[in-house]
**Q** 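Shown below is the structure under consideration.
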Amino acid sequence: MESHRNISEFILLGLSYNQNIQIFCFVFFLFCYVVILAGNLLILVSIRCSALFHQPMYYFLSHLSFMDICYTSCVTPKLIGDLLLAKKTISYDNCMLQVFAMHFFGIIEVFVLTVMAFDRYVAICKPLHYMLIMNRTRCNFFVLAAWAGGAVHSFSQFSMIFQLPFCGPNEIDHYYCDIFPLLKVAFTDTYITGVLVVANSGIVALVTFVLLFGSYVVILFTLRHHSAEGRRKALSTCGSHISVVILFFGPSIFAYLRPPTTFPEDKIFALLYTIIAPMFNPLIYTLRNTEMKNATRKVWCQKIFLEEKCN
């Protein structure tokens with residue numbers, strides 16, 4: 001690969017050249033990252049230390065929280081640190097690693113959200129067979145399939161980018177190494193590569209979103225025959241998931257299901273699915289879910305009680 005490139009690093013242009021805006025963004029994104037880590041760790045610990053872990057929905061939710069932490073950690077710490085620097089650089093190897101990690105964890109999150117929608121479909125439309133269909137073996141299989149799908153997708157995207165020649169310029173108009181900005185600075189015609197990227201990432205995002213939308217149409221249709229209390233409880237649970245899906249899939253579809261080029265709005269939409277969505281996920285699932293709130297309160301109250309007793 002050394003013969004295909006003569007650069008060892010890329011220069012990230014970041015979000016803004018204005019010093020005051022960069023300071024504001026540093027404080028804001030640092031706050032967001034702390035909320036992401038604290039909120040998702042709270043969900044992870046609360047589920048793992050309670051009986052909720054044995055319920056399929058919360059088993060998948062714990063994996064979603066873990067993916068949120070991994071996914072946003074691929075970008076946010078680097079972004080926060082760069083906001084304090086005049087020159088924002090990233091080595092070629094770290095740039096390629098970031099491309100791979102972003103697509104790996106991002107697609108796993110997409111598949112986990114899809115499995116969660118299937119779990120809600122079975123729970124509402126086939127309640128008598130729920131525990132038979134969503135047994136722990138099948139749940140483990142779904143999670144392993146999500147990881148395998150993430151690996152296949154990310155390796156295919158990474159291989160297309162890794163083989164491109166980069167001979168200059170090395171300025172990327174973004175705050176992290178995304179595929180379309182990299183295609184723009186590659187020293188070759190990247191039209192076919194761009195089409196393949198759209199066909200891969202864009203179609204995966206679109207197909208899964210259509211499946212999710214279709215599952216909730218069926219769920220809403222089925223809820224007509226439930227009691228008022230049953231509809232309220234089901235809609236409360238499904239509402240949380242729908243909110244997360246919209247937050248994550250809306251910007252993602254805009255980013256990848258389009259002609260392979262860059263737009264000024266790309267960085268704003270990227271912030272939505274790399275930072276804002278992972279930050280709101282734990283808030284949505286804890287504030288709108290009674291079982292989650294009760295489990296969180298019970299687990300952490302017990303921990304505080306035990307600490308006070310030991311002291």
**Q** Looking at S91 and N94, would you say the former's side chain and the latter's main chain have a donor-acceptor pair under 3.5 Å?
**A**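 Pair found, side chain donor or acceptor close to backbone of N94.
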**Q** Could you check whether any side-chain heavy atom of I179 comes within less than 4.5 Å of a side-chain heavy atom of I161, counting everything from C-beta outward?
**A**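 Yes, side chains in contact.
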**Q** Return the CG to CE distance between L212 and M116, rounded to the nearest 0.5 Å.
**A**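 Between atom CG of L212 and atom CE of M116 there are 10.5 Å.
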**Q** Can you tell if the side chain of V143 reaches within under 4.5 Å of the side chain of V112, non-hydrogen atoms only?
**A**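 Counting from C-beta outward, V143 and V112 never come under 4.5 Å.
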**Q** Determine the interplanar angle of the H63 and Y59 rings, folded into 0 to 90°, and report it as parallel if under 30°, tilted if 30 to 60°, perpendicular if over 60°.
**A**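 Geometry flag for Y59 against H63: perpendicular rings.
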**Q** Taking the side chain as every heavy atom from C-beta outward, state whether I23 and F26 have any atom pair closer than 4.5 Å.
**A**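 Not touching, per the 4.5 Å side-chain cut-off.
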**Q** Side-chain contact test, heavy atoms from C-beta onward, threshold under 4.5 Å: evaluate it for L164 versus L183 and give yes or no.
**A**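 A side-chain contact under 4.5 Å exists here.
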**Q** Is a side-chain N or O of K88 found less than 3.5 angstrom from the main chain of L85, in a donor-acceptor match?
**A**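 It does hold such a pair.
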**Q** Would Y175 and S16 count as a side-chain hydrogen bond (donor to acceptor under 3.5 Å, both in side chains) here? Give the steps.
**A** CA-CA 10 Å; Y175 63 89; S16 173; over 6 Å; no
**Q** At what distance, to the nearest 0.5 angstrom, does SG of C177 lie from CG of L12?
**A**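 So the SG of C177 and the CG of L12 are separated by 5.5 Å.
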**Q** Quick one: does any side-chain atom of Q98 pair with a main-chain N or O of V75 as donor and acceptor, under 3.5 Å?
**A**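 Here the side-chain-to-backbone pair does not exist.
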**Q** Cation-pi between R136 and F53: NZ/CZ under 6.0 Å from ring centre and within 45° of the ring axis?
**A**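 The answer is yes, since R136 meets both limits relative to F53.
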**Q** Closer than 4.0 angstrom, basic N to acidic O: yes or no for K267 and D173?
**A**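 So K267 pairs with D173 through a salt bridge.
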**Q** Could you check whether the rings of Y92 and F162 sit parallel, tilted or perpendicular, using 30° and 60° as the cut-offs?
**A**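 Aromatic pair Y92/F162 classed tilted.
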**Q** Please report the C-alpha distance between F166 and F10 in whole Å, then the side-chain angles of each, then the deciding distance to 0.1 Å, and finally whether the ring-ring contact (aromatic ring centres under 6.0 Å, His included) criterion is met.
**A** CA-CA 10 Å; F166 294 98; F10 293 101; 5.4 Å; yes
**Q** Is a side-chain N or O of N40 found less than 3.5 angstrom from the main chain of L37, in a donor-acceptor match?
**A**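 Absent.
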**Q** In the structure I gave you, are the side-chain heavy atoms of I268 and L15 within less than 4.5 Å of one another anywhere?
**A**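 Side chain of I268 against side chain of L15, heavy atoms only: no contact under 4.5 Å found.
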**Q** Taking the side chain as C-beta and beyond, is there a heavy-atom pair between S215 and F118 under 4.5 Å?
**A**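 Sidechains of F118 and S215: no contact.
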**Q** Side-chain contact test, heavy atoms from C-beta onward, threshold under 4.5 Å: evaluate it for V185 versus E171 and give yes or no.
**A**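 SC-SC contact between V185 and E171 ruled out.
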**Q** If you measure from CZ on F158 to OG on S154, what distance do you get to the nearest 0.5 Å?
**A**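 Result: 9.5 Å between the selected atoms.
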**Q** Which of parallel (below 30°), tilted (30 to 60°) and perpendicular (above 60°) describes Y176 and H174?
**A**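 The arrangement is perpendicular - the two ring planes meet at more than 60°.
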**Q** Using the ring pair (Phe, Tyr, Trp, His ring centres under 6.0 Å) definition, which of the options F111, F141, F104 pairs with W147?
**A**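 Exactly one option meets the ring pair (Phe, Tyr, Trp, His ring centres under 6.0 Å) with W147, and it is F104.
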**Q** Going by heavy atoms in the side chains, are V197 and Q157 under 4.5 Å from each other?
**A**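 Yes, at least one pair of side-chain atoms sits under 4.5 Å.
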**Q** Short question: side chain of T114, backbone of V110 - any donor-acceptor pair under 3.5 Å?
**A**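 A pair under 3.5 Å: yes.
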**Q** Donor-acceptor check, side chain of N135 to backbone of R138, threshold 3.5 angstrom: yes or no?
**A**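 At least one qualifying donor-acceptor pair exists.
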**Q** Test of understanding: clusters of I, L, V, M, F, W, Y form through side-chain heavy atoms closer than 4.5 Å, transitively. Do V152 and I107 belong to the same one?
**A**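 They do not share one cluster, since no chain of ILVMFWY contacts under 4.5 Å joins V152 to I107.
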**Q** Short question: side chain of T72, backbone of D68 - any donor-acceptor pair under 3.5 Å?
**A**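 It does not hold such a pair.
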